[in-house]
Amino acid sequence: MSLTVSPQIRLVALVGALAAAGLGAFMFTTRGAPSSVDSAALPKVKPLYHGRKVAAHPAPPKKQTVTPARHVAPKVPSKPPVVATNGLPMVLVQALARHPVVVVALYDPQARIDGISLAEAQAGAAVAGAGFVPLDVLDTQQAGPLMKLLGVLPDPAVLVYRRPGDLAARFDGFADRDTVAQAATNATPDGLARQAATERATPVVTRDAWARRASKVCSRTWANAPRIAANAPRAKFLKWAPGALARQQQLIAQLAALSLPTYESDRLLANRFLTAARRFHTTDSTLFLAIKRNDSAATLRLLNVEVAEIAQANEAARAVGATGCAAFDK
């Protein structure tokens, strides 16, 4: 197995109302038929309504005018400000309230390399114990305030801020996790002293020792990988490729689990190789999807990208001394 699509892939590519119950009123009068009863013997009956005439049909009650209740519009909560008084994005100011140092990653969500840079910056911030704030350059509310302060910013880019809001470091373009971690450590109060104490308490890992372990992991993984013929049918290739990609991912995880070299320059070399391997795996995965969709244009474009990434991965493996991992083109 190889960490490359290799010649095999390159060949295969070509959603009611209530009825108001009226009370009936019975009206009595003294007029009527003559009676044999002596009227003087009868008690006088006082006239109803104090002698006032009552209409046969009582007038309807006066219509009461009901004043409609005044409509009061509900209060809409005001949106929190997105920019602080010092011009920094509010999300960054809030992060600085929680952490003395914050790593800011500017990225384009539509760019593949920006996704890798974003992950490296987040990992570097975690290593240094710093805060992390990702800002989408396509969202003017997120990245606009920083661009207003600093001018045009490339993507990807990494900025390191320290409390209360000072820019301590800036990296235009890709920066691996070790570089970001070191910059955040440098900006942290007593960061270098704590780093030195940690290094003294940690056993020294030389570059040669790391490279030997990495080469052993690569050689063992590739030696046990199933092979596929260059002229294999498309159906067989599509069945084989997911397993190959899974082995690539497992290999990279095993390499990343190795203790990095102690000294900064050696760590940078090891991390550069790991970054190149991750970038290659991302391209290989995207290439497989393009082949699966029969997207010939994307396949050809990704094959050209992969050629350059193969060379970069092999060169980075040799630079750190892990020659057993410099086999991306086999």
Side-chain angles (χ1 to χ4, degrees), residues 2-5 9 102-128 130-139 142-143 146 153-160 169-184 214 217-218 241-242 244-258 260 267-290 298-299 301-317 319-320 322 325-326 328-329:
S2 169
L3 276 186
T4 181
V5 170
I9 291 183
V102 174
V103 174
V104 178
L106 295 164
Y107 71 101
D108 181 347
Q110 300 176 0
R112 182 183 60 85
I113 187 65
D114 286 28
I116 300 173
S117 178
L118 183 66
E120 289 291 300
Q122 185 174 17
V127 169
F132 178 71
V133 173
L135 296 179
D136 182 354
V137 297
L138 301 183
D139 188 331
Q142 288 192 29
L146 285 182
L153 292 169
D155 62 89
V158 177
L159 309 173
V160 179
R170 170 176 172 171
F171 302 96
D172 292 347
F174 177 84
D176 61 54
R177 68 184 65 192
D178 204 49
T179 301
V180 174
Q182 190 62 57
V217 171
C218 290
L245 292 172
R247 282 185 292 276
Q248 285 182 18
Q249 189 172 17
Q250 183 181 17
L251 171 59
I252 293 171
Q254 290 175 343
L255 291 171
L258 297 176
L260 287 169
R267 275 202 313 276
L268 286 173
L269 289 174
N271 271 320
R272 190 166 292 121
F273 165 65
L274 291 173
T275 300
R278 292 188 184 100
R279 187 184 298 125
F280 172 81
H281 173 68
T282 300
T283 299
D284 226 12
S285 301
T286 308
L287 178 57
F288 167 69
L289 294 177
T299 298
R301 176 178 59 81
L302 289 167
L303 282 172
N304 291 329
V305 172
E306 191 178 66
V307 169
E309 291 183 351
I310 287 172
Q312 292 170 5
N314 288 338
E315 187 278 331
V320 73
C325 296
F328 285 80
D329 52 345

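Worth knowing before you read on, the calculation uses all heavy atoms, side chains too, and leaves out hydrogens, waters and symmetry mates.
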Going through the checks in order, is the side chain to side chain contact (heavy atoms under 4.5 Å, CB included) test met by T299 and L303? CA-CA 6 Å; T299 298; L303 282 172; 4.1 Å; yes

Side chain to side chain contact (heavy atoms under 4.5 Å, CB included) between F174 and I116, intermediate numbers included: CA-CA 9 Å; F174 177 84; I116 300 173; 3.9 Å; yes

Test side chain to side chain contact (heavy atoms under 4.5 Å, CB included) on L260 and N271 and set out the steps. CA-CA 8 Å; L260 287 169; N271 271 320; 3.8 Å; yes

Run the side chain to side chain contact (heavy atoms under 4.5 Å, CB included) test on V104 and L146 for me, step by step, so that the C-alpha distance in whole Å, both residues' side-chain angles and the decisive distance to 0.1 Å come before the verdict. CA-CA 10 Å; V104 178; L146 285 182; 4.1 Å; yes

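In this structure, the side chain of E120 engages the main chain of R177 through a donor-acceptor pair within 3.5 Å. T286 places a side-chain N or O within 3.5 Å of a backbone atom of T282 that can act as its donor or acceptor partner.
Closest non-hydrogen pair, C218 versus L251, comes out as CA-CD1, 3.9 Å.
Contact of the L245 side chain with the F288 side chain is registered, since non-hydrogen atoms from C-beta on lie closer than 4.5 Å. Taking 4.5 Å as the limit, some side-chain heavy atom of F132 sits within range of a side-chain heavy atom of L118. Counting heavy atoms from C-beta outward, P154 and L106 have side chains that stay 4.5 Å or more apart.
For the residue pair D114/S117, the side-chain donor-acceptor check at 3.5 Å is not satisfied. Side-chain atoms of T283 and E309 form a donor-acceptor pair, as typed in the model, at a separation below 3.5 Å.
By the 6.0 Å and 45° rule, R278 does not stack over the aromatic ring of F273.
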